[in-house]
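Following: one structure in structure tokens, then a few remarks.
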Amino acid sequence: MGGVLEKGVWYKVIQVGANSPHIWGENDLMVKDRKFILFMILPTFLFISVVTFVPAIRSIFMAFQDYNMYYLTKKFIGFKNFADAFCDPIFVQALKNTAKWVLVSLSLQFVLGFSLALLLRKPFKGRGIYTALVFYPWAVSGFVIGLQWRWMFHGSAGVINDLLLKIGIIKEKIAFLSDPHYALYSAIVANIWYGIPFFAIMLLAALQSVPQELYEAARIDGANAFKQFVRITIPYVKPVIINTTLIRFIWIVNFPDIIFSMTNGGPAGSSHILSTLLISKVYNEYNYGVASAIGVVIMLILVTYAYFYLRFSKTEGGF
Amino acid sequence: MKRLLLIIRVLALGAFLMCALFPLYWTLVTSLKGQTEMYTYPITYWPKEITFENYRYLLRSLNFTRYTSNSIFVSLFSSLAALIVASFSGYVLARKQFSANKVLFFLLFMTQIIPGFILMSSIYVMFAPVGFTDSLFVLIFLYTGIMVPFSSIMMKGFFERIPESIEEAALIDGCKKLQMLFKVVFPVTAPGLAATFCFAFVNCWNELFLAIMLLNSESKKTIPVGLNSFVGKADIDWGAMAAGVMIALLPAMLIFAFAQKYIVQGLTQGAVKE
Amino acid sequence: MIIIPILGGEKTRRLFYVILVVFFVATTFGAITLTMVETITSPARTELLRQLLDEFEAKHPGVKVELISPPYESSDQKLIMMLNTKQKVDVFEVRDNFLAIHVNNKNLLDLTEYVKKWDGWNDLLDLTKTAATKIQGKTFYIPYGFFIKALFYRKDILEKNNIPVPRTMQELYEYAKKLTVPAQGKYGFAFRGGPSEHSFSEIVIMSYVPNIDPRPDRGYLTTDGVPYHDTPGAIEGLKMWIKLYNDCSPKDSLNWGWAEQVNGFVSGMTPFLIQDPDTVPIVERRLGDPNLYGVAPMPVGPHGKVYLDYGNAGWGIASYSKYKDEAWELVKFLSSPEVNARFSQLNGTIPNCKSAFADPYYSTGPYLAWYEELTNADKYVFYERPVHMAGFPAYAEKHKNDIQNIILGKKDLNQAVKEWAEFWKKEYGIK
């Protein structure tokens, strides 16, 4: 290791860590290698602790505190914030909406993304430019997407209403963002649009790594395109599918940006998901306690989900 | 049959392209319309009179050039930092020598399930009292921290694809481990590094809430903060906003257009475990 | 370096250094930097404020002002965080609905002593003084202007259809209904169903109640000391408000916010619009012709009056500011008639002082409507919503959701008004 690192706190931590019997398994290496490993992962530990875990612990604390900006007492009040959150009928609505939001968005993002990846697998002239263009939604920020689509979904001046009228699909303008039947789904449309490229990129990469010989062998055996797809393609890219849908599920649940700037949860709270309800508790009611309680609920849901997802999909360790 | 499939393929590709580009086209049209045409009805699909008023407004009175350079500075350095930190831990994770790997991986995974918004106030309360606000360096630190977990997970996938034999050869040649990493392992993973970098860059480029919380002065603001300021008490300045979005998209799109070959190539390497 | 904030010892040491450096710089150069935070931000307003601050700096050598302008959506949140972590803030924008939060958290300096020595105080409108002193009779901020609702109408469309300007709520409904032809995309009224709808619906609803108590600490109560919400008048008013939606407004107005309302008005789709004065400059700019629209005082209810809320914002000083005297100079400067008039014109708020109304800009044209509202105490009764009470944001959210649900047929109207009344009985502790 470099000479600079032989001094100071860093070195002490590494030194102590390398000699501590508690964190090393039986098959683990010489002290020199241990030092190297610690040196490699310590920055990561440092970053995720300061930026995520220490603030998260404080926020989880807040879920049990009276943390309302109107009268900031910071008293511990047990589970009252949770009770307050659960008693709100909008919370129940948001819980259901979260399920719709994540399931509909995720499945369509996946199906469309996979189709796009399949279409892009074989090279064609101009594929480079085409890919760059078709993947660009990935580079747009969530709140900008929300505003773009809010403008397009506008009930009277919106281009989507205008197009649908011109094509003749609808006879009367639809108040997409003000009608509880449409508001959440309008946001879902925007979210699907945003999420297709992620799946397309990841799956395209996976598809390209399938060895061509496998297909050739299958063709000789007389397997048609569909059989090839089911027997070779799917099993081969399965780990990627599992990992991407897992991480994407989590990200979509924790992705309030689009709904926040498109409908802000309206009308009548009908398009709130848990993570936008959380923001609204902070922005409209200044109640950090209840907001943190909702945050804790989200975390519990996601941990449970990840646990069962990985168990039932039976991949070793995921990723 | 083949012909039919080809036609379907071309049509499908066309449909995807149209859907992807329509919002972009609409943003462009909006940005080129004048204040009055924006709201006239029936709506026009191409401005009757093209005006660059919105762009001029951005560049003249809004420091937008400053926002852009801030954004480039912050995104570039945080994604670079995240890349270095993440490839270190990704390497350790991939080589499975360390029995605490499972703990590390679990922690990295846990960072993803925490709703970012509830961290906001806690981060502010930790950072503000010691004066760590209104600084692009603090923002770089935070963005790096946010990007490290997923980047590590990505890098782990790439390193797993590299045969250990090349490392052994390098070590026999008398390389030190760290040297070996930089001289042998990283160059082989270059496309993977590019993919991870782009991923981190785009995310930092678009981050809004932390930037709003931590940046005070006009001269430090990033593009998302600048764009967000068009959402006023009541009004949204759609024209200026659309122009801003067009400008903000350019660098991200350019990077992407330039690097997408490597991204897919890199991801292909890391896509499937053996 | 990032470990430092976690270790207590380092933290205090660092703070000590910072204080030492500040002290050193301040004594050596004598320059003072005031930090000012605005919250109702927009790029144009920030530009003007910066200009005004430059003028202030020119008049007060040795004082610099640093302006912090967070984007509007997050600005209140950010300001509260800044104040609670005692960041350097000297002067900040106080909005009426945040006054209670700032006072409760002891972040707002009591200006009562400063005001006594200020000759500008007498020039302020009575309404400004009432607003400034509404908590414990102490002056916590100097309002710079008011957001008071009035009725905007499209002159051209009314003339074409031969319809006069409505004077009562009933007339407003009738005329708006006459203008409504959904098949042609024409409606009468720009309904507000989205965020902050309560400040629109309550005007119509309350105008049917004969006896609202106007005292600032009795918001939402009648002179009988009970919440107005489930009184017979209020129920009638609520029904009128819903009729305005059903018979006179486009469907999607159920979730309209400001932008949609104004678009509807400017495009001619909804020629009647209830709005604040800050809408005037925007409507005028978008219409491109000031003769296309007019502003009338708010129509009155069946009892010949209407209750108007006087939403306002102003400038206050952080209780922990190190430069209180300089900060007060800045607040005085911003509140002086000449500066206030310039600021109000761009901001669109009704100015805070009497002398501003001598300016023809306010004594003619659209602002005349507000002048009439301000000077006709029998017809236009100013009251204050209980924004200082902790339940208010939750009530506003509930009110919005309930009204939307009533219209959607998911909630019973009588049930809703009962719940609102119960809500405020609980808040006020009335049995």
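These values consider heavy atoms only, across backbone and side chains, with no hydrogens, waters or symmetry-generated copies. None of these values were measured; they are calculated from a predicted model. Here is how names work: the chains are called A, B, and so on, in the same order as the sequence lines, proteins then strands, and each is numbered from 1.
- A pairwise comparison of heavy atoms in B:I114 and A:A56 identifies CD1-CB, 3.8 Å as the closest pair.
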Taking it one step at a time, do B:F88 and A:L42 satisfy side-chain contact (heavy atoms from CB on, under 4.5 Å)?
-> CA-CA 9 Å; B:F88 283 4; A:L42 266 180; over 6 Å; no
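- Between chain A and the options B:I84, B:T27, B:L108, B:N228, heavy-atom pairs under 4.5 Å are most frequent for B:N228.
- Contacts between B:M18 and chain A at a heavy-atom distance below 4.5 Å are absent for every atom of the residue.
- Ranking B:L142, B:L227, B:V245, B:L13 against chain A, the residue ahead of the rest is B:L13, based on heavy-atom pairs under 4.5 Å.
- For the pair A:V140 and B:L249, the tightest heavy-atom approach, listed with the atom from each and the gap, is CG2-CD2, 3.7 Å.
- Heavy-atom distances place both the backbone and the side chain of A:T52 under 4.5 Å from chain B.
- Proximity of a side-chain donor or acceptor of A:N254 to a complementary backbone N or O of B:G116 within less than 3.5 Å is not detected.
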Evaluation steps, side-chain contact (heavy atoms from CB on, under 4.5 Å), between B:F16 and A:L120 | CA-CA 11 Å; B:F16 269 111; A:L120 284 173; over 6 Å; no
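- Taking the six-membered ring where tryptophan is involved, the planes of B:F199 and A:W251 are essentially parallel, since the angle between them stays under 30° and well short of 60°.
- For chain A, the option among B:L21, B:L119, B:L181 with the highest count of heavy-atom pairs below 4.5 Å is B:L119.
- Both the backbone and the side chain of A:L112 come within contact range of chain B, judged by heavy atoms closer than 4.5 Å.
- A donor atom on one side chain and an acceptor atom on the other are found under 3.5 Å apart for A:S59 and B:S122.
- With a 4.5 angstrom heavy-atom cutoff, A:V253 does not touch chain B via any of its atoms.
- Of all heavy-atom pairs between B:G14 and A:Y130, the closest is N-OH, 4.4 Å.
- Shortest non-hydrogen contact noted between B:R9 and A:K122 is NH2-O, 3.0 Å.
- Listed options B:V148, B:N203, B:L107 were ranked by heavy-atom pairs under 4.5 angstrom with chain A; first place goes to B:L107.
- No donor-acceptor contact under 3.5 angstrom links the side chains of A:Q148 and B:W26, judged on distance only.
- Contact annotation for B:L208: only side-chain heavy atoms (C-beta onward) come within less than 4.5 Å of a heavy atom of chain A.
- Only the side chain of B:F209 comes within less than 4.5 Å of a heavy atom in chain A; its backbone stays farther off.
- Note: A:F47 CZ to B:M147 CE = 13.0 Å, rounded to the nearest 0.5 Å.
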Any chance you could lay out the ring pair (Phe, Tyr, Trp, His ring centres under 6.0 Å) test for B:F117 and A:Y283, step after step, and finish with the verdict?
-> CA-CA 11 Å; B:F117 199 82; A:Y283 273 37; 5.8 Å; yes
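- Proximity to chain B is limited to the side chain of A:F260, based on heavy atoms less than 4.5 angstrom apart.
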